[in-house]
There are 2 protein chains.
Amino acid sequence: MKSPAPPRKRNPGESRQRILDAAARHFGEAGFDGARVDVIARTARINKQLLYHYFGNKDALFTHVLERAYQQLREQESALNLDGLPADEAILALVNFTWKFYLSHPDFIRLLNSENQMQARHLKRSRRIAAINAQHLKIYRSLIARGQREKTVRGDLDPLQLSINIASLGFFYLMNRHTLSTVFKSDLNSERMQRKRLEVMRDVIGRWIRADRK
Amino acid sequence: MKSPAPPRKRNPGESRQRILDAAARHFGEAGFDGARVDVIARTARINKQLLYHYFGNKDALFTHVLERAYQQLREQESALNLDGLPADEAILALVNFTWKFYLSHPDFIRLLNSENQMQARHLKRSRRIAAINAQHLKIYRSLIARGQREKTVRGDLDPLQLSINIASLGFFYLMNRHTLSTVFKSDLNSERMQRKRLEVMRDVIGRWIRADRK
DNA sequence: GCGTATACTAACCAACCAGTTGGTTATAAC
DNA sequence: GTTATAACCAACTGGTTGGTTAGTATACGC
């Protein structure tokens, strides 16, 4: 005979946090449509209704998870101190940072992937997402400008395209490593291949941004 | 009062084809988990059981759709006649081809995306997928070798990394255009931005593969 | 013109799943 | 202590969904 669960100590902050953590993991693993609200509630060790109490519905929960993931990325990016580096090296440091962030937050790329499959229908309704990402392009823009003053970065770089290039070279590799490894019969996930990938990315970006020699 | 549907003329080839077409569209739109077998059957204007008759289950149908999509890509790629071009230009022609293929087959990238969210569980069981992709790296490898003989391509290029770079710069941009457009408040889908993206990709790859001047 | 493989269909089913109902109990403010 | 608020829960619901059952119709070989 199972005795009823003892009444739990109340801790609203922690319960909310546990729901968001469990949701990030499960949404990341299964995608929005594949994820089950019951699984999230069970993993978070709270009742399903508490989840609905805090977040309203599955879509709103997903939106929260996405916003929090972006926030973590942009906060860490903004905390980088790149002022001590020459601008061209600082841009390569952003390549490293982006790669490391993807590697250490596997849910992030999977969450974004699911959101894009749904044509960003959650982000489009988010009122916080613009503010969260406000600093990102400014960082890139000012590094490009400084690099031009320092004569190490070419004059016609578009910060948006630079940001997309850096993101895409790492994001695609990690997100698609399962199909790529299968199709080309090589384990892209190995330590060795991951190190090699970072070198290739630095090389590609480095050659692209460098000022042409006279 | 609805009269019963008149018995349909038999046409096994066409029915199969209609199921695959409808499945490619719907799986592409909704992803594997978001897609509904009933919707595919209705769109293909056949009975659901006919779909099960031909393909067994939802997973097997998805596998067929994926294999067919890869096959289309690789067949068109192999049909490209690049022998008339200098090797460095031929590689840039592959950049153009890949981009154009993604643009004209929007389901392809979405299908692959869904498959990667599921960690390639369908492709991993496919017995046809290796054969379908067999020529791809050979094309890249031989172009690199020829470029080295022609002294226009650097000596240390890895065909796998080159292929991944070309794929990622276009794939990521198109697959993530919804979140990117939202986050950075600019319409990446516009004709102008698409043209610009292709130019950037050609520039990035071009500078990366070029032999260093003495 | 008969037998059989296969193209094709309608109706059904059990499991699943997002969200709800209808509460109880801890906490804090007064 | 009384009361308001919010944390927390078990059990339920109704629509959905992948897959099945039990068959009829057609084409084709012989």
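Chain identifiers are assigned alphabetically (A, B, ...) following the order of the sequence lines, protein sequences preceding nucleic acid strands; residue numbering begins at 1 within each chain.
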Return the set of residues passing salt bridge (Lys or Arg N to Asp or Glu O under 4.0 Å) with D156(B) (not counting sequence neighbours), or none when no residue passes. R154(B)

Spacing of R42(B) atom CZ relative to dT9(C) atom C1', expressed in whole Å: 16 Å

Just the rounded figure in Å: distance from C1' of dC8(D) to CG of L51(A). 13 Å

Quick one: which protein N/O atoms are closer than 3.5 Å to N/O atoms of nucleotides 19-23 of chain C? Pair and distance per line, please.
from    : atom 1 : to     : atom 2 : distance (Å)
dG19(C) : OP2    : Y52(A) : OH     : 3.3
dG19(C) : OP2    : K58(A) : N      : 3.0
dG19(C) : N7     : K48(A) : NZ     : 2.7
dG19(C) : O6     : K48(A) : NZ     : 2.5

Does anything in residues 98-124 of chain B form a salt bridge (charged side-chain N to carboxylate O under 4.0 Å, His left out)? List the pairs, not counting sequence neighbours. D59(B)-R121(B)

Do any side-chain atoms of residues 23-33 of chain B form donor-acceptor pairs under 3.5 angstrom with protein atoms, and if so which ones, sequence neighbours left out?
from   : atom 1 : to     : atom 2 : distance (Å)
H26(B) : NE2    : R36(B) : N      : 3.0

The side chain of R36(A) lies closest to which of these nucleotides: dC17(C), dT17(D), dC8(C)? dC17(C)

What's A41(B) touching, base or sugar-phosphate or nothing? Going by heavy atoms closer than 4.0 Å. nothing

Length of the CZ-P vector between R45(A) and dA7(D), whole Å: 19 Å

For R146(A), salt bridge (Lys or Arg N to Asp or Glu O under 4.0 Å) partners two or more places apart: E150(A)

For E191(B), the salt bridge (Lys or Arg N to Asp or Glu O under 4.0 Å) test, sequence neighbours excluded, returns R195(B)

Show every side chain to side chain donor-acceptor pair (under 3.5 Å) that has at least one partner inside residues 158-175 of chain A, sequence neighbours left out. H136(A)-S163(A), D158(A)-K196(B), Q161(A)-R197(B), N165(A)-R197(B)

Rounded distance in Å - NE2 (H53(B)) to C1' (dA25(D)): 13 Å

Answer whether the closest heavy-atom distance between the side chains of I139(B) and L80(B) falls below 4.5 Å. no

Show me the pairs that pass salt bridge (charged side-chain N to carboxylate O under 4.0 Å, His left out) and involve residues 164-187 of chain B, at least two apart or across chains. none

Which angle, rounded to 10°, do you find between the first-five-pair axis and the last-five-pair axis of the helix from dG1(C)-dC30(D) to dC30(C)-dG1(D)? 10°

